[in-house]
Amino acid sequence: MAESLLTFENAALPLSVVCPKGRIVMVNRAMRELLRYEFSALVGRSMHEVVLSDHDELNRIWDDRLQGGQRVSNERRWRLLRGDGTELTVSGSSVLVRDGQGAVRYLVARVVPVPD
């Protein structure tokens with residue numbers, strides 16, 4: 001388990017883990033550096049506090065994602081709010097992690113900055 005956490009923490013790609021209710025439960029170092037937040041400032045936040053895209057659209061996409069069953073999402077552009085108040089456009093995708101009964105436990109998201 002500790003080795004898996006170290007691998008996640010030290011991954012070169014910015015990664016976050018979000019629970020089905022839309023709360024951030026884990027972020028790796030690359031994501032924290034990209035978003036300019038400390039760990040404690042991101043964990044527990046709603047994705048709505050970080051993702052600047054239209055919240056109705058985000059909710060629709062989120063609900064479709066959780067109920068649609070597609071394990072891996074397509075790449076999509078998002079505008080994110082950094083800890084210093086600046087905005088960042090990223091391209092991101094995610095993977096659903098399910099439990100033994102098939103219920104969604106987490107969504108693991110990966111993002112990369114989109115050049116201006």
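None of the values given here were measured: they were computed from a predicted structure.
Taking CG from Asn10 and CG from Leu15, the interatomic distance works out to 11.0 Å, rounded to the nearest 0.5 Å. Rounding to the nearest 0.5 angstrom, the gap separating the SG atom in Cys19 from the CE atom in Met47 is 9.0 Å. To the nearest 0.5 Å, atoms OG (Ser46) and NE2 (His55) are separated by 7.5 Å.
A salt bridge between Arg36 and Asp84 is present, with a side-chain N of the basic residue lying under 4.0 Å from a carboxylate O of the acidic one. A salt bridge links Asp64 with Arg60: the closest approach of a Lys/Arg side-chain nitrogen to an acidic carboxylate oxygen falls below 4.0 angstrom. The pair Glu57-Arg76 meets the salt-bridge criterion, since a charged nitrogen lies less than 4.0 angstrom from a carboxylate oxygen. Ionic pairing of Glu9 and Arg32 is present here: one or more N-O contacts between side-chain nitrogen and carboxylate oxygen are shorter than 4.0 angstrom.
Of the candidates Val104, Leu96, Leu107, Pro20 forms a side chain to side chain contact (heavy atoms under 4.5 Å, CB included) with just one, namely Val104.
The shortest side-chain heavy-atom distance between Phe8 and Val27 does not fall under the 4.5 Å cut-off. Using a 4.5 Å heavy-atom threshold, the side chains of Arg23 and Val18 count as separate. Put simply, the side chain of Met31 does not reach to within 4.5 Å of the side chain of Tyr37, judged on heavy atoms. Within the 4.5 Å cutoff, the side chain of Val51 has no heavy atoms near those of the Arg79 side chain. Put simply, the side chain of Glu49 does not reach to within 4.5 Å of the side chain of Leu81, judged on heavy atoms. The side-chain heavy atoms of Val111 and Leu34, taken from C-beta on, include a pair separated by under 4.5 Å. A 4.5 Å side-chain heavy-atom check between Trp78 and Leu52 finds every atom pair outside the cut-off.
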Problem set entry | Candidate pair Asn59 and His48, rule side chain to side chain contact (heavy atoms under 4.5 Å, CB included), full reasoning | CA-CA 9 Å; Asn59 288 337; His48 290 96; 2.7 Å; yes

For this session: Verify side chain to side chain contact (heavy atoms under 4.5 Å, CB included) between Tyr106 and Arg98, making sure each step is shown before the conclusion.
Result: CA-CA 7 Å; Tyr106 300 104; Arg98 297 180 180 278; over 6 Å; no

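Clustering ILVMFWY residues whenever any of their side-chain heavy atoms sit less than 4.5 angstrom apart, transitively, puts Val25 in the very cluster that holds Val43. Residues Ile24 and Phe39 fall within the same hydrophobic cluster, defined by Ile, Leu, Val, Met, Phe, Trp and Tyr side chains chained together at heavy-atom separations under 4.5 Å. Residues Val97 and Ile61 fall within the same hydrophobic cluster, defined by Ile, Leu, Val, Met, Phe, Trp and Tyr side chains chained together at heavy-atom separations under 4.5 Å.
Counting all heavy atoms, side chain and backbone alike, Ala12 lies closest to Ala30 at O-CB, 3.5 Å. Of all the heavy atoms in Ser93 and Ser73, the pair that sits closest is CA-OG, 3.3 Å.
Side-chain N or O atoms of Ser91 include none that pairs as donor or acceptor with a backbone N or O of Arg77 at under 3.5 Å. Without hydrogens or angle criteria, Thr86 side chain to Arg82 main chain gives no donor-acceptor distance under 3.5 Å. With Arg71 contributing its side chain and Val95 its backbone, the two residues share no donor-acceptor pair below 3.5 Å. Side-chain atoms of Asn28 never come within 3.5 Å of backbone atoms of Pro14 as a donor-acceptor pair (strictly under, hydrogens ignored). At distances below 3.5 Å, not a single donor-acceptor pair connects side-chain atoms of Asp99 with backbone N or O atoms of Arg105.
Enclosure of atom CD in Glu38 is not indicated, since only 12 or fewer non-hydrogen atoms of other residues, nucleotides or ligands lie within 6.0 angstrom.
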